[in-house]
Amino acid sequence: MHTEIMAVMNLTPDSFSDGGQIALDRDSILRAAGTRIEQGADWLDLGGESTRPGAAAVSVQEEADRVLPALEAIKSEFDVPCSLDTSTPSVMLQGASLGADMINDVRALQRPGALEAAAKTQLPVVLMHMQGTPDTMQDQPSYQDVEAEVLEFLRARIAACEAAGIHSDRIALDPGFGFGKTLDHNKTLFKGIGRLAERWPILVGVSRKRMIGEITGRPTSERDVGSAVAAALAASAGARWVRVHNVEATRDALAVMKNLGTL
Ligand code: 7PJ
């Protein structure tokens, strides 16, 4: 089972861990993309809307202005698959026409028009689970049975996708670590990655998240070792993609896992 490294490209001024690090001019974007590819990124995940807890909303125009020129520039210079971290139908459609390879939607295509737009692109989609909305999701996450509820939600979204004409072989799933979940919820879901991965391609995003901070006691800037270990564990459980900030650390972790461990 091969796991691909998906490098986060945050094209936002306010993302929680590296927002503002990529200046939004073409040269800076190409440099950031080139570095990630050299370091071993198999995919780039381009996002123009921060979904960190408490993040400010961005307009459709603002999001499009961040993501689409970056996508166009990257696709003109590099031969690398790019996913779009977006919930916005018009960004999906325009992104697809500029060569995007996958839609990664933390809202699982629930925005009005998103299912139809994604279906029209014929691209693969990642459906992520979130409880609540980004501004309040961490206030008081609550479940009777987190694994069952996440699965139930994702199954309903798969059914909605299929009804909209998105074939099941184009659907990947993501339990949505940190999106309306306590550390205990995240731990339970992490243990279930293997079971999910038996049936669907799974994307795992835990990089630099609060759960890594809670486990290690470290601030965002010091979570890359913990994140790389978690990525290696997710890979070993069968994740198809690990979505990460530090590509080099992840590549090393996966290489060691593959050569000395269980990958
Ligand atoms: C995720 C994501 C994730 C997927 C973000 C962050 C917040 N997409 N977009 N899964 N996280 N599919 O990077 O912490 O976990 S943005």
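Numbers here simply count residues along the sequence, with the first being 1. Computed from a predicted model, the values in this text were never measured in an experiment. As the structure lists them, so they are numbered: ligands from 1, and atoms in each ligand from 1.
- Between D101 and K75 there is a salt bridge, since at least one side-chain N of the basic residue sits less than 4.0 Å from a carboxylate O of the acidic one.
- Below 4.0 Å from some heavy atom of T51 lie the following atoms of ligand 1, by number and element: 7 (C), 16 (S).
- Side chain to side chain, E63 and T86 meet the donor-acceptor criterion of an N or O pair below 3.5 Å.
- Close approach of ligand 1 to D85 is summarised as follows: ligand atoms under 4.0 Å from at least one heavy atom of the residue are 2 (C), 5 (C), 9 (N).
- Contact atoms of ligand 1 toward N104: 4 (C), 8 (N), 12 (N) (distance under 4.0 Å to a heavy atom of the residue).
- Salt-bridge check for E62 with R66: passed, with a basic side-chain N closer than 4.0 Å to an acidic carboxylate O.
- Annotation for ligand 1: atoms under 4.0 Å from non-hydrogen atoms of M128 are 3 (C), 4 (C), 10 (N).
- Using a 3.5 Å distance cut-off with no hydrogens or angles, the side chains of D25 and S28 do pair a donor with an acceptor.
- I158 and M128 fall into different hydrophobic clusters, where Ile, Leu, Val, Met, Phe, Trp and Tyr residues are linked whenever their side-chain heavy atoms come under 4.5 Å apart, directly or through other members.
- Residue contact check for ligand 1: V8 places no non-hydrogen atom closer than 4.0 Å to it.
- Those atoms of ligand 1 with a heavy atom of D174 less than 4.0 angstrom away are 3 (C), 4 (C), 10 (N), 12 (N), 15 (O).
- By the criterion of a heavy-atom distance under 4.0 Å, the side chain of R243, and not its backbone, is placed next to ligand 1.
- Below 4.0 Å from some heavy atom of V106 lie the following atoms of ligand 1, by number and element: 2 (C), 8 (N), 9 (N).
- Side-chain contact, H185 with T188: no donor N or O sits under 3.5 Å from an acceptor N or O.
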